[in-house]
Amino acid sequence: MCDYDEPLYLISVVAKILGVHPQTLRQYEKEGLIEPSRTDGKMRLYSQRDMDKIKTILRLTRDMGVNLAGVDIILRLKEKLDELDNLNKELQDTLHKHSRNTKTPTKNLNTPTNFYELILFKK
């Protein structure tokens with residue numbers, strides 16, 4: 001089984017799978033929305049993570065009418081939300097460990113995370 005981040009797919013394969021022109025993928029790269037790996041011969045290689053990100057970009061642009069500048073902002077906000085979700089989980093885990101060690105009851109702080117994923121970023 002391949003790693004999610006392993007660059008495997010050539011631009012022509014990605015374009016065919018996702019139903020876009022290779023120039024569209026080059027434009028996304030030029031805009032800084034994606035960053036495929038490169039071979040020694042400078043050929044673009046895309047990972048499954050890159051493909052999923054492109055699918056998100058296509059969903060935002062095609063289905064929701066967001067322009068590329070808006071997509072950039074949304075993707076940056078998503079990254080920040082993911083970081084904050086991870087930090088929140090770490091803090092909750094630390095709090096629960098501490099409460100077990102001190103035998104002090106704590107409120108259940110578990111709140112649904114990644115709710116925005118249900119709307120825009122289906123995993």
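Since the structure is predicted, the reported quantities are computational estimates derived from the model, not experimental observations.
- Residues Val13 and Ile34 fall within the same hydrophobic cluster, defined by Ile, Leu, Val, Met, Phe, Trp and Tyr side chains chained together at heavy-atom separations under 4.5 Å.
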Would Leu84 and Asn88 count as a side chain to side chain contact (heavy atoms under 4.5 Å, CB included) here? Give the steps. CA-CA 6 Å; Leu84 291 171; Asn88 184 31; over 6 Å; no
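- Taking a cutoff of 4.0 Å between a charged side-chain nitrogen and a carboxylate oxygen, Glu29 and Lys53 do not qualify as a salt bridge.
- Asp50 and Leu45 make their closest contact through OD2-O, 4.2 Å (heavy atoms, listed as atom of the first residue, atom of the second, distance).
- In terms of heavy-atom proximity, Tyr46 sits nearest to Leu25 at OH-CB, 3.8 Å.
- Val66 and Leu77 are not part of a single hydrophobic cluster, where members link through side-chain heavy atoms under 4.5 Å apart.
- Using a cutoff of 4.0 Å between basic side-chain nitrogens and carboxylate oxygens, Lys97 and Asp93 are not scored as salt-bridged.
- Once rounded to the nearest 0.5 Å, the distance linking CE of Met51 with CG of Leu8 reads 9.5 Å.
- With rounding to the nearest 0.5 Å, the separation of OG1 in Thr56 from NZ in Lys78 is 7.0 Å.
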Pair Leu75-Ile57, side chain to side chain contact (heavy atoms under 4.5 Å, CB included): steps then yes or no: CA-CA 9 Å; Leu75 292 177; Ile57 294 167; 4.0 Å; yes
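- Using modelled atom types, no side-chain atom of Thr61 and backbone atom of Gly65 make a donor-acceptor pair closer than 3.5 Å.
- Hydrophobic clustering, with ILVMFWY side chains joined whenever heavy atoms are under 4.5 angstrom apart, keeps Tyr4 apart from Ile17.
- Cluster membership for Ile73 and Leu33, using ILVMFWY side-chain heavy atoms within less than 4.5 angstrom, is not shared.
- The same ILVMFWY cluster, assembled from side-chain heavy atoms under 4.5 Å apart, contains both Ile74 and Met64.
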Would you check, one step at a time, whether the test side chain to side chain contact (heavy atoms under 4.5 Å, CB included) holds for Arg26 with Ile11? CA-CA 9 Å; Arg26 290 185 198 98; Ile11 191 170; 3.9 Å; yes
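- Taken from CZ in Arg59 to NZ in Lys55, the straight-line distance is 8.5 Å, to the nearest 0.5 Å.
- Across Tyr28 and Ile54, no two heavy atoms sit closer than the pair CE1-CG2, 4.3 Å.
- Listed here is the closest heavy atom pair of His21 and Ala15: C-CB, 4.2 Å.
- A donor-acceptor contact closer than 3.5 angstrom links the side chains of Gln27 and Glu31.
- The pair Lys80-Glu83 counts as a salt bridge, with a side-chain nitrogen and a carboxylate oxygen less than 4.0 angstrom apart.
- Asn86 and Glu90 share no side-chain donor-acceptor pair at under 3.5 Å.
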Criterion side chain to side chain contact (heavy atoms under 4.5 Å, CB included) on Glu79 and Asp82, from CA distance to verdict: CA-CA 5 Å; Glu79 285 178 21; Asp82 289 343; 5.6 Å; no
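- Using a 4.5 Å heavy-atom cutoff, the side chains of Leu87 and Leu91 are in contact.
- A salt bridge is defined here as a Lys NZ or Arg NE, NH1 or NH2 lying under 4.0 Å from an Asp or Glu carboxylate O, and Asp72 with Arg76 meets this definition.
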